[in-house]
Protein chains: 2
Amino acid sequence: MNADAQRGRKPRADVQRNRTALLETAQRHFLRHGVSTSLEAVAKEAGVGPGTLYRHFPTREALLAAVLQTRSEELMSRQAGIEQLDHPAEALKQWLQAMEEYFSAYNGLPEPLMAAARAQEPDSPLTIPCDLLITATDRYVRAAQLAGHVRASVRGYDLFLAACSIAWIKGNGTEAESLDRLRSLIATGYLERDIQA
Amino acid sequence: MNADAQRGRKPRADVQRNRTALLETAQRHFLRHGVSTSLEAVAKEAGVGPGTLYRHFPTREALLAAVLQTRSEELMSRQAGIEQLDHPAEALKQWLQAMEEYFSAYNGLPEPLMAAARAQEPDSPLTIPCDLLITATDRYVRAAQLAGHVRASVRGYDLFLAACSIAWIKGNGTEAESLDRLRSLIATGYLERDIQA
DNA sequence: GTTGAAACGGATGCTGCCTCCGTATACGTT
DNA sequence: AACGTATACGGAGGCAGCATCCGTTTCAAC
């Protein structure tokens, strides 16, 4: 569309139409079958050929990143509410909860996110959203540390990893109780002693 | 071989030969390319047809379980040494370390292990080894709890999950430092307060 | 040797990935 | 309204991996 605008040509209508059809179908398929769902099936159900899918989204990750865009915005809006909280430890806890839900949106989502998180060169379209999440987490961590609620040795990245792996475990069908115990074990791990309930 | 022995017939020589060739080749491929490596390639390099591979090991998990057998025995022997320790918390720590190394043997190993751990009906050949690990972990946990070193709320299964996800994170290429911090965060989480260094 | 059971192995059909290029379409122009 | 062209479409096709089936081979017993 940039190229079009510069050359004074309106973008073709079918482009946008196909793009949104693909995104909607992909979201449904990711929800039902996880992120490893067949892209051919997505294309077919969206009513386009495989070539069209790959032109719009050259890799599975690109499609995934585009689909995640909506979820990311939800997360950001939720972030606004969290930042209003007085208690930094509570804010951190809620933020971690929100991230975990984000990671659990589709089956198999944690894997590509982890892969994207370590790459500094944004070779993946998921790297940027990941970095945003890590940075945000670190902000909450530092705030809670300043208030003396979180141990000094903890980094935002650590809790990003923790949330990601909890989501991974959840996606593998572990029961809710075990997850609760793990979550509170981690919380015990990062909270300062005298703050713990 | 049981059927053969019962019927008084010696097992065929090629059976055992092919089996060990497959196991050796599979181990090498799992090491180099992870557990999702091509089974066709394994068969070809072992010098047998795909049919032979699938007759010996009907599923990828069956092959994996057979390959893991050796590692499992190493782990068990290590267990013997660990159980000699006086300090239950130290024993637990070393056991968790040993499990993490076991889970990290091949890339992508944590996924099938997690999948096998939740299934009670042993629909997977990995279920039994997993259950052994969980039971063993629980033994260490209880011993440490009796000594007052580990919080009462902790279950062996929780720490099994924790070790598994640490191995998962490690396999996704995270740096050693972050892993160390995560490990100690978890340790802080399960240890009783007054024991912590 | 011969024989029969047991094991082999590769041809086969299938699904999914990704690319390439002839064709169709939408936009701007006349 | 018809045309010309840039742009996008879409499906055929090549490739890799999975898993099976069955004609052929191999082994052990006799």
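Chain letters run A, B, ... following the sequence lines, proteins first, then strands; residues in each count from 1. Predicted model only: the values in this text are computed from it and were never measured.
Annotation: salt bridge (Lys or Arg N to Asp or Glu O under 4.0 Å) contacts involving residues 18-31 of chain A, sequence neighbours excluded, comprise A:R28-A:E45. Residues in residues 129-144 of chain B take part in these salt bridge (Lys or Arg N to Asp or Glu O under 4.0 Å) pairs, two or more places apart or across chains: B:E83-B:R139, B:D138-B:R142. Pairs passing the side chain to side chain donor-acceptor pair (under 3.5 Å) check and including a residue from residues 46-68 of chain A, sequence neighbours excluded, read A:E61-A:S124.
Residues forming a ring-ring contact (aromatic ring centres under 6.0 Å, His included) with A:F30 (at least two apart in sequence, or on another chain): A:Y106. Under the rule for a side-chain hydrogen bond (donor to acceptor under 3.5 Å, both in side chains), B:T20 has no partner lying at least two apart in sequence or in another chain. Shown here are the side-chain hydrogen bond (donor to acceptor under 3.5 Å, both in side chains) partners of B:E90, two or more places apart in sequence or in another chain: B:Q94.
Each of A:P50 and A:A13 has a nearest nucleotide on DNA chain C; the 5'-most of these lies closest to A:P50.
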Which atom pairs link the protein and nucleotides 23-25 of chain C when you take only N or O atoms and keep those under 3.5 Å?
residue: C:dT25; atom: O2; partner: A:R12; partner atom: NH1; Å: 3.0
residue: C:dT25; atom: O2; partner: A:R12; partner atom: NH2; Å: 3.2

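Across the protein-nucleic acid pair, B:E61 atom CD and D:dA19 atom P stand 11 Å apart, rounded to whole Å.
Within residues 21-31 of chain B, no residue has any heavy atom under 4.0 Å from DNA chain C. In the region residues 52-60 of chain A, proximity to DNA chain D at under 4.0 angstrom, judged on heavy atoms, holds for A:T52, A:R55, A:H56. Near DNA chain C, meaning a heavy atom under 4.0 Å away, the residues from residues 35-44 of chain A are A:T37, A:S38, A:L39, A:E40.
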If you look only at distance, which donor and acceptor atoms sit under 3.5 Å apart when one is on a side chain in residues 156-164 of chain A and the other is two or more places apart or in another chain?
residue: A:D158; atom: OD1; partner: B:R181; partner atom: NE; Å: 3.2
residue: A:D158; atom: OD1; partner: B:R181; partner atom: NH2; Å: 2.7
residue: A:D158; atom: OD2; partner: A:R155; partner atom: N; Å: 3.1
residue: A:D158; atom: OD2; partner: B:R181; partner atom: NE; Å: 2.7

Which pairs of donor and acceptor atoms, one on a side chain in residues 31-40 of chain B, lie under 3.5 Å apart (sequence neighbours left out)?
residue: B:S38; atom: OG; partner: B:E40; partner atom: N; Å: 3.3
residue: B:S38; atom: OG; partner: B:A41; partner atom: N; Å: 3.1

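Look at A:R183 and A:D180 and you find a salt bridge, because one of the NZ, NE, NH1 or NH2 atoms lies within 4.0 Å of a carboxylate O, short of that distance.
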